[in-house]
Amino acid sequence: MTDSAGLSPLPAAGRTVLIAGATSAAGIAVASALAEAGAKVVAVGSNASRLDAVRGAVPDAATYVCDLASFDAVAELAATIHAEHGTIDGLIHLVGGWRGGGGLAGQTDEDWDVLHRNIVTTLRNTTRAFNADLLASVAGRLAIVSSVSVEKPTPGGANYAAAKAAAETWTRAVGQGFAKAESAAAAVVFVVRALEGLEAELAEHVVGLWDAEAASVNNTRVRLGA
Ligand SMILES: NC(=O)c1ccc[n+]([C@@H]2O[C@H](COP(=O)([O-])OP(=O)(O)OC[C@H]3O[C@@H](n4cnc5c(N)ncnc54)[C@H](OP(=O)(O)O)[C@@H]3O)[C@@H](O)[C@H]2O)c1
């Protein structure tokens, strides 16, 4: 449902939004923008002291320490969040990391394991644990941040690009589920070359996810910093 200007009547204000991997500069920018827009921010990271910095920037944020690579830990986190804040309306997945170099010969198993765990496993875990929330929400939103390297992979970044491609595919599958259920939820892939300097733009786009009708943004790939 939209108003006469085509805007969603359900903006970010009043939504409960979980930021998975909230302690980087991008995470803090997104948390700050969502809180300013009137959303309830639930910030998750694996490191308690780094979460203190999120609370420093966003005093109203609820923060939780969780290893998002463990599905059992994420299921426990979901139960705690449901008990303390109810269901969520948004999941902004920001857990990332980069490893690479050395051409194809340099694409080590160890690097692949780290990238797969951070980029793919944490996304699978959080979306599986919170999919029902997003489907049931009056305005559910899922977003990830991917990379231009998915379209133009290099041998030295093959592990990274392959993990990001998998994350994009997983996200589109979630979005397809949203559409099939005729829900008011949408999944969006933001794409950057490098995130440094684009934190504010990302934050603005995340808040803007709630300004558009779900069907018009679901399964879109949105380039930032172009
Ligand atoms: N940086 C770039 O130039 C760039 C380029 C293209 C795409 N991206 C993507 O943009 C997104 C955000 O990038 P970023 O550089 O801000 O991300 P990041 O620093 O790699 O990750 C965000 C946060 O995730 C947390 N984290 C890591 N492992 C975790 C785990 N197992 N459980 C819970 N939290 C965990 C870390 O905080 P704790 O240490 O506190 O847990 C970290 O601060 C990522 O998806 C990234 O791949 C970034």
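Quick note: numbers below take in every heavy atom, side chains included, and nothing from hydrogens, waters or symmetry partners. Residue numbers run from 1 in the order of the sequence given. Just so you know, ligand 1 is whichever comes first in the structure, and atom 1 is the first atom listed for that ligand.
- Listed by chain and number, Gly21, Thr23, Ser24, Ala26, Gly45, Ser46, Asn47, Arg50, Cys66, Asp67, Leu68, Ala69, Leu94, Val95, Gly96, Gly97, Val145, Ser146, Tyr160, Lys164, Val192, Arg193, Ala194, Leu195 each place a non-hydrogen atom less than 4.0 angstrom from ligand 1.
- Donor-acceptor pairing under 3.5 Å is lacking for the side chains of Thr87 and Asp133.
- Cation-pi geometry between Arg124 and Phe71 is not met at under 6.0 angstrom from the ring centre and within 45 degrees of the axis.
- Put simply, the side chain of Ile144 does not reach to within 4.5 Å of the side chain of Phe190, judged on heavy atoms.
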Can you give me every donor-acceptor pair (side chain of residues 27-47, partner residue at least two apart or in another chain, under 3.5 Å) with its distance?
from: Ser32; atom 1: OG; to: Ile28; atom 2: O; distance (Å): 2.8
from: Lys40; atom 1: NZ; to: Asp60; atom 2: O; distance (Å): 3.0
from: Asn47; atom 1: OD1; to: Ser49; atom 2: N; distance (Å): 3.0
from: Asn47; atom 1: OD1; to: Ser49; atom 2: OG; distance (Å): 2.8
from: Asn47; atom 1: OD1; to: Arg50; atom 2: N; distance (Å): 3.0

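- In this structure, a donor-acceptor pair under 3.5 Å is absent between the side chains of Asn159 and His116.
- Using a distance-only test at 3.5 Å, with no hydrogens or angles considered, no donor-acceptor pair links the side chain of Glu168 to the main chain of Ser146.
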